[in-house]
Amino acid sequence: MEDKQYIEYVHANAQKSAHVMTLVWAFLVGGVICCIGQGFGDIFALVLPDWEKSKIAALVSMTMIFLGAFLTGVGVYDKLGAKAGGGSIVPITGFANSVASPAMEFNKEGIVLGMMAKMFVVAGPIIVAGTVSSVVSGLIYWIVGLFN
C-alpha cells in the first residue's frame with residue numbers, strides 16, 4: 001500500500017472522535033466533583049462552627065478520598081471515568097481511584113504481594129515526584145536563606 005492509499009484507508013475506517021462532547025463531559029463531571037467537595041466544606045462549617053478552616057479542609061479531603069475509593073470499589077468511578085475522561089481525575093478523588101483500582105485488581109494475588117505491593121503502581125511515581133520536588137524546593141529555600 002502506498003502512503004496516499006494508506007491515508008485514505010485510515011480516514012475511511014477510523015472511528016470519528018467526539019472531542020467536543022468529551023470536553024463537555026470532562027468539564028461537567030470535574031465541576032460537579034469540585035462542587036460536591038465545596039458542599040461538604042460548607043456543610044461541615046455549619047455543623048462544626050468552632051472548627052478552624054484547616055481542620056474542615058482536612059475533613060473534606062478525607063471525605064472525598066473515602067468517596068473516591070468507595071465509588072471505585074462498587075464500580076461506579078470507573079464508569080464515570082469512561083464517560084468523563086480527564087474530568088474524573090480531579091486530584092483528590094482521582095488519586096483515591098488510582099490507589100484503590102490496582103489494590104482491587106491485584107487482591108487475588110494475596111494481601112502482601114498483590115494488594116499492598118501493587119497499590120501504588122499508578123500513584124507511587126506521583127507521590128515520589130511530589131516528595132522529591134518538595135525536598136529540593138525546601139533545600140533551595142534554605143540555602144538562599146543562609147545568604148540573606
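Keep in mind the model is a prediction, meaning the values are calculated, not measured.
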message = Looking at Leu28, I'd like to know if its CG atom is crowded, meaning that more than 12 non-hydrogen atoms belonging to other residues, nucleotides or ligands lie closer than 6.0 Å.
response = yes
ask   = Above 12 or not: heavy atoms from other molecules or residues under 6.0 Å from CG of Leu113?
value = no
Would you list the atom pairs, donor with acceptor, under 3.5 Å between side chains in residues 67-93 and any protein atom, with sequence neighbours excluded?
{"from": "Thr72", "atom 1": "OG1", "to": "Gly68", "atom 2": "O", "distance (Å)": "2.8"}
{"from": "Thr72", "atom 1": "OG1", "to": "Asn97", "atom 2": "ND2", "distance (Å)": "2.8"}
{"from": "Tyr77", "atom 1": "OH", "to": "Ser88", "atom 2": "O", "distance (Å)": "2.3"}
{"from": "Tyr77", "atom 1": "OH", "to": "Thr93", "atom 2": "OG1", "distance (Å)": "2.9"}
{"from": "Tyr77", "atom 1": "OH", "to": "Gly94", "atom 2": "N", "distance (Å)": "3.4"}
{"from": "Asp78", "atom 1": "OD1", "to": "Asn97", "atom 2": "ND2", "distance (Å)": "3.4"}
{"from": "Ser88", "atom 1": "OG", "to": "Gly85", "atom 2": "O", "distance (Å)": "2.9"}

task = Find the distance between CD (Gln38) and SG (Cys35) and round it off to the nearest 0.5 Å.
result = 8.0 Å
query = Would you call Met62 and Leu59 a side-chain contact if the rule is heavy atoms closer than 4.5 Å?
reply = yes
key: Cluster overlap Trp142 with Phe147, hydrophobic side-chain contacts below 4.5 Å   = yes
request  = Establish whether Val60 and Ile43 are linked, either directly or via other cluster members, by ILVMFWY side-chain heavy-atom contacts under 4.5 Å.
outcome  = yes
task = Flag the pair Ile36 / Met64 as yes when at least one side-chain heavy-atom distance between them is below 4.5 Å, and no otherwise.
result = yes
key: Check: Phe95 main-chain N/O paired with Ser98 side-chain donor or acceptor under 3.5 Å   = yes
key: Shared hydrophobic cluster, Phe27 / Val32 (ILVMFWY, side-chain heavy atoms < 4.5 Å)   = no
ask   = Out of curiosity, Ile56 CD1 to Phe44 CZ, how far, rounded to the nearest 0.5 Å?
value = 9.0 Å
Hphob cluster co-occupancy, Val29 + Val24, side-chain heavy atoms under 4.5 angstrom = no
ask   = Looking only at heavy atoms, what is the nearest atom pair of Pro102 and Met119, with distance?
value = CG-O, 4.0 Å
key: hydrophobic_cluster_shared for Met115 and Val112, side chain cutoff 4.5 Å   = yes
